[in-house]
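Here it is, the structure, as structure tokens.
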Amino acid sequence: MSEKRPRHGNGADQAGASAAALASGRITDALREAILSGRLKAGSRVRQEELAEEFGISRIPVREALRRLESEGLMILVPNSGAWVSKLDRAECIEIYKVRERLEPLAISESTVRLASETIERMEDLAIQIERSDDPDTFLRLDREFHLLSYEGANMPHLTQMIHRFWNSTQQYRRAFTATAGQAGMAAVHHEHRLIVDALQRRDAEQSALVLYGHIRRTRLILEKHPEIFD
């Protein structure tokens with residue numbers, strides 16, 4: 001009876017797949033950060049061969065990274081053509097903001113009574129920092145932290161995942177908002193942040209959801225008044 005020899009191929013294949021997944025994750029994170037920070041502009045072309053060379057890997061993990069970013073709404077992939085950072089689109093902007101107007105008030109209302117006091121204190125500090133800063137990149141970073149912290153008590157992972165995706169896909173619109181809102185618009189933002197913190201401190205779920213609904217809706221209405229940002 002012949003002795004069965006162990007198969008070594010499976011282990012090698014698994015190691016290769018694991019390495020490819022890690023490489024794809026690194027590229028995904030790097031590109032996402034570049035898009036959200038504004039270093040990669042809307043409409044910019046992203047070349048697979050250049051990324052593969054930069055990271056010292058094959059194109060397979062690069063393609064997987066681009067597909068992930070497409071699923072997040074950050075990239076557009078055109079078969080037999082290439083990949084581009086998503087452009088500003090008025091219809092998309094209006095649709096996503098209207099969805100956010102419903103989803104995020106639900107998240108904050110569920111979160112209000114369970115949100116840790118330390119988290120609310122951090123949000124209060126962030127609101128002050130946001131108000132004192134006049135740098136758009138600082139605003140975008142702190143404002144994102146402020147709002148995503150407010151949902152941490154919701155304990156609704158599927159809802160939270162959707163919200164994070166929409167925040168990523170609307171980052172370009174938020175950046176455009178900072179350039180068009182003006183002094184009065186930003187003053188309203190700061191006031192609404194204070195109202196959100198106050199509602200959370202009082203554990204008033206209905207009020208926190210109501211203020212947040214108006215906060216998101218007002219941003220949409222301001223963006224709608226500036227069609228030139230979508231050209």
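Everything numeric here is computed off the predicted structure, so don't read it as measured data.
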Between the side chains of His190 and Glu131, is a donor N or O closer than 3.5 angstrom to an acceptor N or O? no
Do the side chains of Arg202 and Asp198 get close enough for a salt bridge, i.e. N-O under 4.0 angstrom? yes
Please indicate whether Glu70 has more than 12 foreign heavy atoms, meaning atoms of other residues, nucleotides or ligands, lying under 6.0 Å from its CD. yes
Ile128 with Met186, same ILVMFWY side-chain cluster at under 4.5 Å: no
If the threshold is 4.0 Å, N to carboxylate O, is there a salt bridge linking Arg26 and Asp29? no
Any donor-acceptor pair under 3.5 Å linking the side-chain atoms of Tyr173 with those of Glu92? yes
Any chain of hydrophobic side-chain contacts (each under 4.5 Å) joining Phe146 to Leu115? yes
Give a yes or no answer on whether the side chain of Ser71 reaches the backbone of Arg68 with a donor-acceptor pair at less than 3.5 Å. yes
So with a 6.0 Å cut-off around CD of Glu33, is the heavy-atom count from everything else above 12? yes
Please tell me whether Gln171 and Arg174 have a donor and an acceptor in their side chains that are separated by less than 3.5 angstrom. yes
Charged N to carboxylate O under 4.0 angstrom, Arg67 versus Glu64? yes
Without swapping roles, check the side chain of Arg132 against the backbone of Ala127 for a donor-acceptor pair under 3.5 Å. no
Report yes or no: do Val211 and Leu149 belong to one cluster of Ile/Leu/Val/Met/Phe/Trp/Tyr joined by side chain heavy-atom distances under 4.5 Å? yes
For the pair Glu145 and Arg141, find out whether any cationic side-chain nitrogen is under 4.0 Å from an anionic carboxylate oxygen. no
Between His193 and His147, ring centroids under 6.0 Å: yes
Any donor-acceptor pair under 3.5 Å linking the side chain of Thr160 with the backbone of Met156? yes
Using only heavy-atom distances, determine whether the side chains of Trp167 and Glu104 contain a donor-acceptor pair under 3.5 Å. yes
Check whether any side-chain N or O of Ser208 sits under 3.5 Å from a backbone N or O of Ala205 as a donor-acceptor pair, and report yes or no. yes
Hphob cluster co-occupancy, Ile35 + Ile229, side-chain heavy atoms under 4.5 angstrom: no
Restricting to non-hydrogen atoms, name the atom on Ser81 and the atom on Arg45 that form the minimum distance, rounded to 0.1 Å. O-NH2, 2.5 Å
Presence of salt bridge, Arg194 and Glu124, under 4.0 angstrom: no
Test your reading of the model: is there a side-chain donor-acceptor pair from Thr180 to the backbone of Ala176, 3.5 Å cut-off? yes
Before accepting this row, confirm whether a basic side-chain N of the pair Arg114/Glu152 lies closer than 4.0 Å to the acidic partner's carboxylate O. no
Single-linkage hydrophobic cluster, 4.5 Å side-chain cutoff, Leu69 and Leu77 together: yes
